[in-house]
Amino acid sequence: MIEWSPEKIKGFQKALLNWYDQNKRDLPWRVDHDPYHVWISEIMLQQTQVQTVIPYYQRFMKLFPTVGQLAKADESVLLKAWEGLGYYSRARHLQTAARQIVTDYGGQWPQTIDGLKSLSGVGPYTAGAIASIAFNQPVPAVDGNAFRVFSRLFKIDADIAKPQTRHLFEKVIQNVISRDRPGDFNQAIMDLGASYMSAKNPDTVHSPVKQFDQAYLDGEEDKYPVKSKKKRPVQVNYFGLIIHSSKGFLFEQRPSDGILSHFLMFPLIKADELDNQKRSVQKISSDEIIDTIFQSWVSTYQLQLIDLAFVDSQKVSHTFTHQKWQITLLEATLPSNSDLSYFPGKWVPQDQFSTIAFSKVQSKMWAAYQQKIPKTN
DNA sequence: TAATCGTGGGT
DNA sequence: TACCCAAGATT
């Protein structure tokens with residue numbers, strides 16, 4: 001890693017902020033520096049592209065214009081507004097934090113890094129972003145853009161995939177951030193990282209700070225940032241049960257932890273658990289699958305599925321960050337007066353589907369069941 | 001610490 | 001396809 005003189009730091013700040021003043025992106029959360037606006041946008045933007053967030057942000061602000069209204073909102077309405085954004089715990093943390101602000105902080109925003117980090121779902125990056133943008137504090141906001149930009153400027157070869165590395169970047173940024181315009185400085189880095197200094201096909205030759213980009217000057221920008229590779233998703237096979245009655249379709253409430261926690265979905269059964277119930281390592285036949293599911297539901301939920309059969313369609317496939325699901329659909333009916341006391345779910349009439357937040361994979365199952373055509377992502 | 005948590009877009 | 005990336009936080 002290289003060092004910069006005070007003169008070089010001043011020159012960098014000037015070049016960066018001059019460029020930002022002329023070329024900053026016109027984004028809906030940049031109309032002011034309201035901490036509520038900054039906060040909502042930063043949470044939505046976590047691991048999510050700007051163009052995806054824009055319509056969600058605009059709808060969100062119409063639904064929940066203030067932190068107080070977010071605090072007292074129905075969680076089902078909130079999750080419906082978040083539908084499709086993913087990482088749904090962000091939405092739950094959002095409301096938890098809104099209630100923290102209203103109750104713990106008397107409606108007044110904490111303005112320190114530690115105070116902001118005490119809010120649910122607000123970590124080091126988001127706290128830095130709010131503190132600098134909304135409260136004009138000279139603190140770093142180390143996101144993926146900052147990692148990429150500063151690793152190239154300073155030729156930092158620390159692995160940005162390791163949590164510890166953030167501290168190193170915070171020290172570097174603390175030394176070069178504009179004391180006069182910290183919020184604009186951090187946002188300028190983000191705009192730079194999203195344009196001339198993007199991850200793929202960077203256009204450094206036209207970058208406003210190319211003369212400060214040591215990796216570029218040395219012809220080594222393709223070496224930065226250093227980032228270790230992620231593991232590939234593991235495949236998990238499921239059977240998905242489309243169960244209907246005159247009351248609608250049977251939805252199962254997923255557990256409070258793990259992927260898609262709390263979501264209502266068509267009941268899913270892990271294929272290997274079904275195999276275990278048969279105490280067999282070998283794959284079981286179609287008849288045995290139906291028989292085993294039927295008996296499992298009788299013993300577990302005291303529910304008797306009628307006409308349980310495979311849906312004549314391709315498997316539903318969906319890939320998450322760490323899991324690849326392959327779902328084989330089955331269909332059954334259940335008497336509408338069935339006792340659901342032992343079942344963690346409820347009947348949902350079809351005309352109420354639009355009021356419930358569907359995960360992407362749930363939407364795929366429903367589409368496959370309705371259309372009986374192949375569905376993949 | 002390393003693993004986990006969704007989805008859409010691009011190559 | 002398979003893989004990577006996108007304004008990260010939590011446990």
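Within every chain, numbering begins at 1; the chains are lettered A, B, ... in the order of the sequence lines, protein sequences first and strands thereafter.
- Toward the 5' end of DNA chain B, the nearer of the two residues Gln51(A) and Phe263(A), judged by each one's closest nucleotide, is Phe263(A).
- Residue Arg232(A) places no side-chain N or O under 4.0 Å from the OP1 or OP2 atom of dC4(C).
- Checking dA9(C), dA7(C), dG6(B) against the side-chain heavy atoms of Pro124(A) singles out dA9(C) as nearest.
- Close to dA2(C), at under 4.0 Å from its OP1 or OP2, lies a side-chain N or O of Lys324(A).
- Dashed line: the shortest gap from a side-chain N or O of Lys231(A) to OP1 or OP2 of dA3(B) is under 4.0 Å.
- As judged by a 4.0 angstrom heavy-atom cut-off over every strand, Ser120(A) is placed among residues touching the sugar-phosphate backbone only.
- Val102(A) belongs to no hydrophobic cluster with other residues, because no ILVMFWY side-chain heavy atom falls under 4.5 Å from its own, directly or through intermediates.
- To the nearest angstrom, P of dG8(C) lies 10 Å from CZ of Phe147(A).
- Rounding to whole angstrom units, CD of residue Gln47(A) and P of dT4(B) are separated by 16 Å.
- Distance from the side chain of Tyr125(A) is smallest to dA7(C) among dC5(C), dA7(C), dT7(B).
- Per the geometry, CD belonging to Glu170(A) stands 14 Å off P belonging to dG8(C), to the nearest Å.
- Residue-level contact check: Val122(A) touches the backbone only, with heavy atoms under 4.0 Å from sugar-phosphate atoms and none from bases.
- Spacing between atom CG of Asp191(A) and atom C1' of dA6(C) amounts to 14 Å, rounded to whole angstrom units.
- When each of dG6(B), dA2(B), dA7(C) is scored by its nearest atom to the side-chain atoms of Lys162(A), the top-ranked nucleotide is dA2(B).
- In this structure, Leu27(A) reaches the bases: a heavy-atom distance under 4.0 Å links it to at least one base atom across the strands shown.
- A residue-by-residue look at Lys200(A) and Gln164(A) shows that Gln164(A) has its nearest nucleotide of DNA chain B further toward the 5' end.
- Between the OH atom of Tyr88(A) and the P atom of dG8(C) there is a distance of 18 Å, rounded to whole Å.
- Of the listed nucleotides (dC5(B), dG9(B), dA7(C)), dC5(B) has the atom at the smallest distance from the side chain of Gln323(A).
- Counting non-hydrogen atoms under 4.0 angstrom, Thr52(A) reaches nothing in the nucleic acid.
- Looking at heavy-atom distances under 4.0 Å, Arg92(A) makes no contact with the nucleic acid at all.
- Arg166(A) comes within 4.0 angstrom of nothing in the nucleic acid, heavy atoms only.
- As a whole-Å value, the separation of Leu79(A) CG from dG6(B) P is 11 Å.
- Figure legend: Arg92(A) and Tyr88(A) shown without cation-pi pairing, the cationic atom not lying both under 6.0 angstrom from the six-membered ring centre and within 45 degrees of its axis.
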Only distances under 3.5 Å count here; give the side-chain donor-acceptor pairs of residues 327-335 of chain A to other protein atoms, sequence neighbours excluded, each with its distance to 0.1 Å.
{"residue": "Glu331(A)", "atom": "OE2", "partner": "His244(A)", "partner atom": "NE2", "Å": "3.0"}
{"residue": "Glu331(A)", "atom": "OE2", "partner": "Tyr369(A)", "partner atom": "OH", "Å": "2.7"}
{"residue": "Thr333(A)", "atom": "OG1", "partner": "Ile306(A)", "partner atom": "O", "Å": "3.3"}

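- Under the 4.5 Å side-chain criterion, counting only non-hydrogen atoms from C-beta, Val50(A) is in contact with Trp29(A).
- Using a 4.0 Å heavy-atom cutoff across all strands shown, Leu260(A) reaches sugar-phosphate atoms only and no base atom.
- Among the nucleotides dA7(C), dG6(B), dT4(B), the one closest to any side-chain atom of Trp29(A) is dA7(C).
- Of the candidates dT1(B), dG9(B), dC5(B), the closest approach to any side-chain atom of Pro163(A) belongs to dT1(B).
- Among the atoms of the strands shown, none is found under 4.0 Å from any heavy atom of Ala129(A).
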